[in-house]
Amino acid sequence: MPIRPVRYFGDPVLRTPAEEVVDFDRELRRLVEDLTDTLRDERGSGLAAPQLGVSLRVFVFDVGGVRGHLVNPGLSFPDDEEQDGPEGCLSMPGLYYDTRRRLNAVARGRDVHGRPIQVVGTAELARCLQHESDHLDGVLFIDRLGPRTRRTALREIRNAPWNTDGKAQVKVSPHPMFGRYR
């Protein structure tokens with residue numbers, strides 16, 4: 001399957017909540033294959049459909065040998081434990097910032113055939129599940145940063161080598177989900 005270009009910060013699709021998948025068909029299977037191939041090529045941990053310009057609630061992940069995909073995922077948290085650690089995004093390549101996330105997460109959704117699946121994650125996998133689920137809601141990880149770090153991140157985005165057309169220079173107001181967990 002083809003490797004598709006990843007959308008960068010500033011592209012409106014990254015700020016738009018994705019639509020629920022209703023058709024578990026060949027197109028969905030092709031999308032998951034494209035996401036998987038693109039993720040592998042980019043050497044990332046996770047990739048959501050909006051990052052390829054497709055506004056559907058689908059993401060793939062590959063963390064510590066745990067690989068898979070989720071369609072129409074929902075998150076829950078078995079406890080209140082948190083973690084701080086570096087987080088980056090394929091839509092903001094080369095930029096990493098310490099981001100607070102829940103330490104443990106449970107994602108429930110469907111596979112490409114519509115069968116229910118559950119992924120239980122801790123540490124890096126939990127971080128990935130939260131990050132990719134955020135993408136499906138139009139939330140970026142920089143929305144979860146404190147004000148000072150967020151200003152630094154926006155300044156670095158403006159000066160990033162991939163920001164060649166100036167689209168990433170748009171002023172972004174805090175997302176309503178800032179600092180909250182679902």
Side-chain angles (χ1 to χ4, degrees), residues 4-23 27-28 31-32 34-36 38-39 42 44-61 63 68-77 82 86-102 105-110 112 119 121 125-147 149-158 160 162-163 165-182:
R4 295 170 56 177
V6 174
R7 303 291 179 97
Y8 291 144
F9 179 90
D11 190 312
V13 72
L14 297 174
R15 289 297 192 177
T16 305
E19 300 290 324
E20 290 275 322
V21 172
V22 294
D23 295 320
E27 281 187 49
L28 177 62
L31 173 61
V32 169
D34 289 356
L35 283 162
T36 301
T38 304
L39 177 65
E42 294 284 341
S45 297
L47 187 65
Q51 292 179 274
L52 298 187
V54 179
S55 191
L56 288 174
R57 298 188 68 77
V58 180
F59 70 78
V60 298
F61 56 91
V63 178
H69 69 275
L70 282 163
V71 179
N72 298 334
L75 280 180
S76 62
F77 304 100
E82 294 183 332
E87 193 164 323
C89 182
L90 295 174
S91 292
M92 293 175 253
L95 303 178
Y96 297 87
Y97 304 96
D98 281 348
T99 308
R100 183 174 298 274
R101 295 280 188 179
R102 290 286 182 89
V106 178
R108 291 178 182 87
R110 304 272 173 190
V112 293
V119 179
L125 181 55
R127 177 178 298 280
C128 178
L129 295 172
Q130 292 167 79
H131 180 107
E132 300 310 325
S133 292
D134 274 353
H135 270 300
L136 304 182
D137 294 329
V139 177
L140 301 175
F141 87 100
I142 61 169
D143 299 330
R144 300 221 180 256
L145 302 176
T149 306
R150 192 165 192 276
R151 281 191 300 274
T152 299
L154 290 171
R155 184 172 42 255
E156 289 181 3
I157 288 168
R158 276 192 294 278
W162 47 264
N163 183 17
D165 63 1
K167 282 174 59 177
Q169 292 183 21
V170 296
K171 182 172 176 17
V172 179
S173 59
H175 193 280
M177 293 289 293
F178 175 77
R180 292 192 301 175
Y181 298 106
R182 283 184 286 279

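- For the pair Val54 and Arg4, the minimum side-chain heavy-atom distance is below 4.5 Å.
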Kindly indicate, with the supporting measurements, whether the criterion side chain to side chain contact (heavy atoms under 4.5 Å, CB included) is fulfilled by Arg144 and Thr149. CA-CA 10 Å; Arg144 300 221 180 256; Thr149 306; over 6 Å; no

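- The minimum heavy-atom distance linking Pro5 with Leu52 is given by the pair O-CD2, 3.6 Å.
- Side chain of Gln130 to backbone of Arg102: a donor-acceptor contact under 3.5 angstrom is found.
- Here the options are Thr36, Asp34, Thr38, Val58, the test is side chain to side chain contact (heavy atoms under 4.5 Å, CB included), and the partner is Leu47; only Thr38 passes.
- One finds the CG atom of Leu154 at 5.0 Å from the CD1 atom of Ile142 (value rounded to the nearest 0.5 Å).
- The closest side-chain heavy-atom distance from Asn163 to Glu156 is not below 4.5 Å.
- Formation of a donor-acceptor pair under 3.5 Å by the Glu132 side chain with backbone atoms of Ala48 is found in this model.
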Criterion side chain to side chain contact (heavy atoms under 4.5 Å, CB included) on Asp23 and Leu28, from CA distance to verdict: CA-CA 7 Å; Asp23 295 320; Leu28 177 62; over 6 Å; no

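- Closest approach of Leu70 to Ala107, counting heavy atoms only: CD1-CB, 3.6 Å.
- His135 places no side-chain N or O within 3.5 Å of a backbone atom of Pro50 that could act as its donor or acceptor partner.
- Remark: Arg101 engages Glu87 in a salt bridge, criterion side-chain N to carboxylate O under 4.0 Å.
- Here the closest non-hydrogen pair linking Tyr97 and Ala153 is OH-CA, 3.3 Å.
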Ile157 and Trp162: side chain to side chain contact (heavy atoms under 4.5 Å, CB included), yes or no, with the steps? CA-CA 9 Å; Ile157 288 168; Trp162 47 264; 3.8 Å; yes

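- For Arg127 (side chain) and Thr99 (main-chain N/O), a donor-acceptor pair under 3.5 Å exists by modelled atom type.
- To the nearest 0.5 Å, the span separating CZ on Phe61 from NE2 on His69 amounts to 8.5 Å.
- Nearest heavy atom pair, residue Thr16 against residue Pro12, reads OG1-O, 2.9 Å.
- In terms of heavy atoms, Leu129 sits closest to Leu75 at O-CD1, 4.1 Å.
- Legend: residues meeting salt bridge (charged side-chain N to carboxylate O under 4.0 Å, His left out) with Arg57, ordered by chain and number and at least two apart, are Glu20, Asp137.
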Between Leu35 and Gln51, is the side chain to side chain contact (heavy atoms under 4.5 Å, CB included) condition met? List the steps. CA-CA 9 Å; Leu35 283 162; Gln51 292 179 274; over 6 Å; no

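- A donor-acceptor pair is defined here as one N or O able to donate and one able to accept, closer than 3.5 Å; such a pair exists between the side chain of Ser91 and the backbone of Arg7.
- For Phe141, the ring-ring contact (aromatic ring centres under 6.0 Å, His included) criterion is met by His131, not counting sequence neighbours.
- Other residues, nucleotides and ligands contribute more than 12 heavy atoms inside 6.0 Å of the CD atom of Glu42.
- Of all the heavy atoms in Ser55 and Pro17, the pair that sits closest is OG-O, 3.7 Å.
- Note: Arg158 CZ to Phe9 CZ = 9.5 Å, rounded to the nearest 0.5 Å.
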